Number of protein chains: 2
Amino acid sequence: MTVTLKDIASRTGFSVSTVSRVLNGGAEMYRISQKTRLQIEKVAQELKYRPNQLARGLRTKKTQAIGLVIPDISNPFFAHVSRVVQVGMYEAGYILIVCNTDENQDTEIEQIQLLRSKGVDGIIIMPVGLESHHIKELLNSKIPVVLLDRSFKDISANLVLVDNYTGSRKAVEYLLKNGHRRIAIIQGLTNTSTNDMRVKGYIDAHQAYHIEVDENLIVGKDYRRENGYIETKYLLNLNNPPTAIYSTSDMITLGILDAIFEDKLSIPDDISLVSFDDVDYAPYLISPLTAVHQPWQLMGEIAVKLLLKDIKSSGQMEKSRIELKPVLNIRKSVKNLNT
Amino acid sequence: MTVTLKDIASRTGFSVSTVSRVLNGGAEMYRISQKTRLQIEKVAQELKYRPNQLARGLRTKKTQAIGLVIPDISNPFFAHVSRVVQVGMYEAGYILIVCNTDENQDTEIEQIQLLRSKGVDGIIIMPVGLESHHIKELLNSKIPVVLLDRSFKDISANLVLVDNYTGSRKAVEYLLKNGHRRIAIIQGLTNTSTNDMRVKGYIDAHQAYHIEVDENLIVGKDYRRENGYIETKYLLNLNNPPTAIYSTSDMITLGILDAIFEDKLSIPDDISLVSFDDVDYAPYLISPLTAVHQPWQLMGEIAVKLLLKDIKSSGQMEKSRIELKPVLNIRKSVKNLNT
DNA sequence: CTGAATTGCGAAAACGATTGCGCATCACAA
DNA sequence: TTGTGATGCGCAATCGTTTTCGCAATTCAG
């Protein structure tokens with residue numbers, strides 16, 4: 001069905017090796033004459049030859065494919081990053097195999113295994129959890145890897161991170177500046193580097209203002225919408241409810257909105273809201289959302305650049321650690337309690 | 001570095017063939033004794049053997065990979081669909097290669113070529129354009145294909161579609177029912193089946209109400225946010241501006257919102273808005289958005305099911321055409337002009 | 001005890017490409 | 001005529017699996 005080198009070889013009368021060399025641009029290196037070169041190229045065109053990438057990959061150990069391992073591609077932040085990565089890698093001649101982990105470490109391990117057995121040339125991963133055993137093994141395997149968005153302690157790898165701590169502190173300090181003293185935080189998956197740094201930012205912001213944090217106001221356990229909904233319901237029913245909620249992720253925010261509007265409350269009059277992750281629609285929400293914007297475009301581009309560099313240097317490159325700053329986009333979802 | 005069948009063979013003393021058979025579950029079929037089977041399995045475990053999928057694919061002509069060709073994965077609708085597809089295929093043992101076409105047909109052609117040279121076992125595609133030459137060729141190639149969301153005339157293929165026409169008609173008729181007579185439509189990429197059916201719905205809705213459509217109110221040319229912005233700017237500056245805008249896609253809607261709020265207008269008091277594509281945040285927009293919801297969960301699941309069936313039947317299956325109904329979620333972005 | 005049937009496994013040929021090595025052929029100088 | 005380089009290309013191994021055939025060894029019936 002599909003046309004192979006052999007077909008071209010038999011049609012032209014040359015050997016498979018010669019055809020291969022011509023088609024790979026090794027013409028003058030192997031001193032193939034113009035005449036045969038043109039002839040082979042012509043037939044290749046006619047037959048619409050496409051090299052079988054499997055065979056090629058088997059031989060060369062290069063697949064021109066990379067894996068992208070992310071928690072959930074339907075999350076706008078990840079979707080945007082994926083997009084940037086896909087385009088960047090495609091321009092460099094690579095295709096993208098996308099894997100969702102659903103924040104499940106077992107799934108993540110499986111996916112990595114699978115990618116490796118597929119022989120990908122590199123992996124960009126947003127790992128889940130703090131336990132990094134399988135990631136360390138991956139790094140040791142000498143296959144180029146970039147950790148994106150999330151990281152681990154004591155790890156030597158290409159890292160593209162966002163300063164979650166500072167971003168979080170800015171967000172919470174903004175609330176504090178506006179007179180809020182009971183600020184709830186709905187966290188995402190605990191033991192994920194992003195989450196934990198965001199929580200730390202929240203706590204340290206309070207300390208900087210000499211305000212004790214109420215442990216009851218630190219709630220939540222994962223990045224799903226339902227988590228935001230449930231925890232908000234809980235918070236709103238507290239005897240002494242918070243005046244503001246700080247959401248650590250866009251999906252959580254959606255759940256928070258579900259709960260708030262179900263109770264017919266309004267933002268920011270009844271409750272203030274700040275969110276990590278700035279979605280496209282944030283400016284146009286009922287109450288334009290004050291949110292921490294992550295530079296996903298840059299993150300994706302840098303991750304691509306690092307990975308490509310690593311692939312080219314075949315492991316000889318010293319690893320880079322790049323940390324980007326998020327910015328707080330102030331809109332109207334926070335009430336000023338000072339006046 | 002990586003462990004192969006040969007390694008296991010030499011460690012156990014058996015031949016490569018026997019090892020292969022055991023590890024592929026062909027143990028009793030080929031009458032391999034319990035003892036050797038267990039021994040081989042044990043060593044395979046110890047060495048953490050993972051079959052090289054390239055080699056396997058080369059031999060079996062199956063890669064356990066499928067391609068997903070979509071316009072833009074950062075678009076929420078496509079992102080959701082991708083997610084569903086990814087999960088479904090992964091459960092069936094397939095990985096997903098994601099390709100963005102950016103609504104560019106040349107890119108689409110390239111991507112398909114690439115996927116084929118990678119030997120994917122199937123393709124799910126949301127094609128761009130009305131010219132289907134390369135798609136027809138793809139279908140003839142006997143590789144299982146599902147066309148998702150978009151289609152072509154006179155084509156015999158697995159189709160999972162949404163009734164864009166009816167969805168669009170419902171949306172526009174809702175506006176008409178509310179007394180709107182000057183309704184603008186901002187279209188997406190012309191000559192795309194989804195877009196053209198939406199426009200047709202718009203026109204027919206007018207005819208059903210015996211209202212002539214003003215050609216000046218049919219604007220737009222692609223699915224990008226900028227398109228929504230520019231066209232809205234134009235519409236708002238018309239001598240006789242529309243009382244409502246009907247957006248044919250979520251990204252366009254975003255641009256529309258950009259323009260409307262830049263001009264400090266309010267929805268629905270100054271201008272009504274209805275959108276095709278119901279994003280997660282639609283209920284929480286400044287004016288909760290009345291929108292046509294596409295059943296992306298179903299679409300993804302059905303596409304997966306059809307593709308798997310097609311793969312299993314190896315082309316013997318008669319093609320299915322499945323059309324799903326969108327629903328109009330009525331919220332508050334439309335003003336009633338009747339009273 | 002012999003021949004047939006069964007059991008258990010190995011050799012080797014694919015799959016389609018890349019690549020190190022080396023073999024012809026030809027021109028030209030000696 | 002012969003030796004020497006250059007020129008132009010083919011042979012065959014290799015990547016890691018799967019799979020067709022077939023062969024030895026064992027078992028079993030007669």
Side-chain angles (χ1 to χ4, degrees), chain A residues 1-41 43-44 47-65 113-114 116-121, chain B residues 1-41 43-44 47-65 113-114 116-121:
Chain A
M1 222 70 235
T2 74
V3 20
T4 74
L5 282 185
K6 212 194 288 184
D7 298 326
I8 301 182
S10 64
R11 284 261 276 195
T12 56
F14 292 102
S15 75
V16 170
S17 4
T18 302
V19 176
S20 168
R21 287 194 264 252
V22 167
L23 265 23
N24 284 305
E28 66 272 13
M29 181 178 181
Y30 289 95
R31 300 169 314 213
I32 311 277
S33 73
Q34 277 285 323
K35 216 171 63 182
T36 66
R37 204 180 95 191
L38 291 176
Q39 195 184 155
I40 288 175
E41 278 167 351
V43 173
L47 266 48
K48 294 190 187 170
Y49 170 72
R50 290 264 132 190
N52 178 324
Q53 300 286 348
L54 287 172
R56 198 209 283 266
L58 181 59
R59 183 63 228 255
T60 63
K61 309 265 178 215
K62 300 262 162 257
T63 50
Q64 297 295 112
Q113 287 283 10
L114 195 52
R116 290 179 63 179
S117 72
K118 294 274 176 199
V120 292
D121 296 341
Chain B
M1 222 70 237
T2 74
V3 21
T4 73
L5 282 184
K6 212 194 285 185
D7 298 325
I8 301 183
S10 65
R11 284 262 275 195
T12 56
F14 293 103
S15 75
V16 171
S17 3
T18 303
V19 176
S20 169
R21 288 194 266 250
V22 168
L23 265 24
N24 284 305
E28 66 271 16
M29 180 176 182
Y30 289 96
R31 301 165 315 211
I32 309 278
S33 73
Q34 276 286 321
K35 217 171 62 182
T36 67
R37 203 180 99 190
L38 291 176
Q39 197 185 151
I40 288 175
E41 277 167 352
V43 174
L47 266 47
K48 295 190 187 172
Y49 170 72
R50 291 263 133 190
N52 178 323
Q53 300 286 347
L54 287 171
R56 196 207 282 265
L58 181 60
R59 183 64 229 252
T60 61
K61 308 263 179 216
K62 300 258 161 262
T63 51
Q64 297 296 110
Q113 287 284 9
L114 195 53
R116 290 179 64 177
S117 72
K118 294 272 176 201
V120 292
D121 295 341

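Keep in mind it's a predicted model, so treat the numbers as computed, not measured. Quick note on labels: first sequence line is chain A, next is B, and so on, each numbered from 1.
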- [ ] Mind checking salt bridge (charged side-chain N to carboxylate O under 4.0 Å, His left out) for A:Arg37 and listing every partner two or more places apart, or none if nothing turns up?
- [x] A:Glu41

Task: Interatomic distance, B:Lys35 NZ vs D:dT26 C1' [rounded to whole Å] - done: 14 Å

Please report, to 0.1 Å, the donor-acceptor pairs under 3.5 Å made by any side chain of residues 49-56 of chain B, with sequence neighbours excluded.
{"from": "B:Asn52", "atom 1": "OD1", "to": "B:Leu54", "atom 2": "N", "distance (Å)": "2.7"}
{"from": "B:Asn52", "atom 1": "OD1", "to": "B:Ala55", "atom 2": "N", "distance (Å)": "3.1"}
{"from": "B:Arg56", "atom 1": "NH1", "to": "B:Asn24", "atom 2": "OD1", "distance (Å)": "3.4"}

- [ ] May I have the distance from B:Ile32 (atom CD1) to D:dA24 (atom P), rounded to whole angstrom?
- [x] 18 Å

Open item on the list: Would the base of D:dG16 count as contacting B:Arg56 through its side chain, where contact means a donor and an acceptor less than 3.5 Å apart?
Closed with: no

Open item on the list: Working note: B:Ile32 + B:Ile40, criterion side-chain contact (heavy atoms from CB on, under 4.5 Å); need CA distance, chi angles, decisive distance, verdict.
Closed with: CA-CA 11 Å; B:Ile32 309 278; B:Ile40 288 175; 5.6 Å; no

Open item on the list: From CG of B:Asp7 over to P of D:dG16, roughly how many Å is that when rounded to an integer?
Closed with: 8 Å

TODO: Specify the separation, in whole Å, of atom CZ of B:Arg31 and atom P of C:dC9.
DONE: 10 Å

- [ ] Give a yes/no answer on whether the side chain of B:Ser33 brings an N or O atom under 4.0 Å of OP1 or OP2 in C:dC9.
- [x] yes

TODO: Figure out the CE/P separation between B:Met29 and C:dC9, and round it to whole Å.
DONE: 16 Å

What donor-acceptor contacts under 3.5 angstrom involve side-chain atoms of residues 6-19 of chain B, with partners at least two apart or in another chain?
{"from": "B:Asp7", "atom 1": "OD2", "to": "B:Thr4", "atom 2": "N", "distance (Å)": "2.8"}
{"from": "B:Ser10", "atom 1": "OG", "to": "B:Lys6", "atom 2": "O", "distance (Å)": "3.4"}
{"from": "B:Ser10", "atom 1": "OG", "to": "B:Asp7", "atom 2": "O", "distance (Å)": "3.0"}
{"from": "B:Thr12", "atom 1": "OG1", "to": "B:Ile8", "atom 2": "O", "distance (Å)": "2.8"}
{"from": "B:Thr12", "atom 1": "OG1", "to": "B:Ala9", "atom 2": "O", "distance (Å)": "3.2"}
{"from": "B:Thr12", "atom 1": "OG1", "to": "B:Phe14", "atom 2": "N", "distance (Å)": "3.3"}
{"from": "B:Ser15", "atom 1": "OG", "to": "B:Ser17", "atom 2": "N", "distance (Å)": "3.4"}
{"from": "B:Ser15", "atom 1": "OG", "to": "B:Ser17", "atom 2": "OG", "distance (Å)": "3.2"}
{"from": "B:Ser15", "atom 1": "OG", "to": "B:Thr18", "atom 2": "N", "distance (Å)": "3.3"}
{"from": "B:Ser15", "atom 1": "OG", "to": "B:Thr18", "atom 2": "OG1", "distance (Å)": "3.2"}

Open item on the list: In this structure, how many angstroms lie between the C1' atom of C:dG8 and the CD atom of B:Gln39, rounded?
Closed with: 14 Å

TODO: Please name all residues satisfying side chain to side chain contact (heavy atoms under 4.5 Å, CB included) with B:Lys62, sequence neighbours left out, ordered by chain then number.
DONE: B:Thr60, B:Asp121

Task: B:Lys118 side chain near A:Gln64 side chain, heavy-atom distance below 4.5 Å - done: yes

Open item on the list: Minimum heavy-atom separation for B:Ser117 and B:Leu114, please, with both atom names.
Closed with: OG-O, 2.9 Å

Task: Separation of atom CG in A:Leu54 from atom C1' in D:dG16, rounded to whole Å - done: 12 Å

TODO: Mark up nucleotides 10-15 of chain D, 5' to 3', with B wherever a protein heavy atom is under 4.0 angstrom from a base atom, S wherever such an atom reaches only the sugar-phosphate, and - elsewhere.
DONE: BBBBBB

- [ ] Could you check whether B:Arg50 gets within reach of a base, just the sugar-phosphate, or nothing at all, counting any heavy atom under 4.0 Å?
- [x] sugar-phosphate

Open item on the list: Distance check needed: C:dG8 P versus B:Ile40 CD1, whole Å only.
Closed with: 13 Å

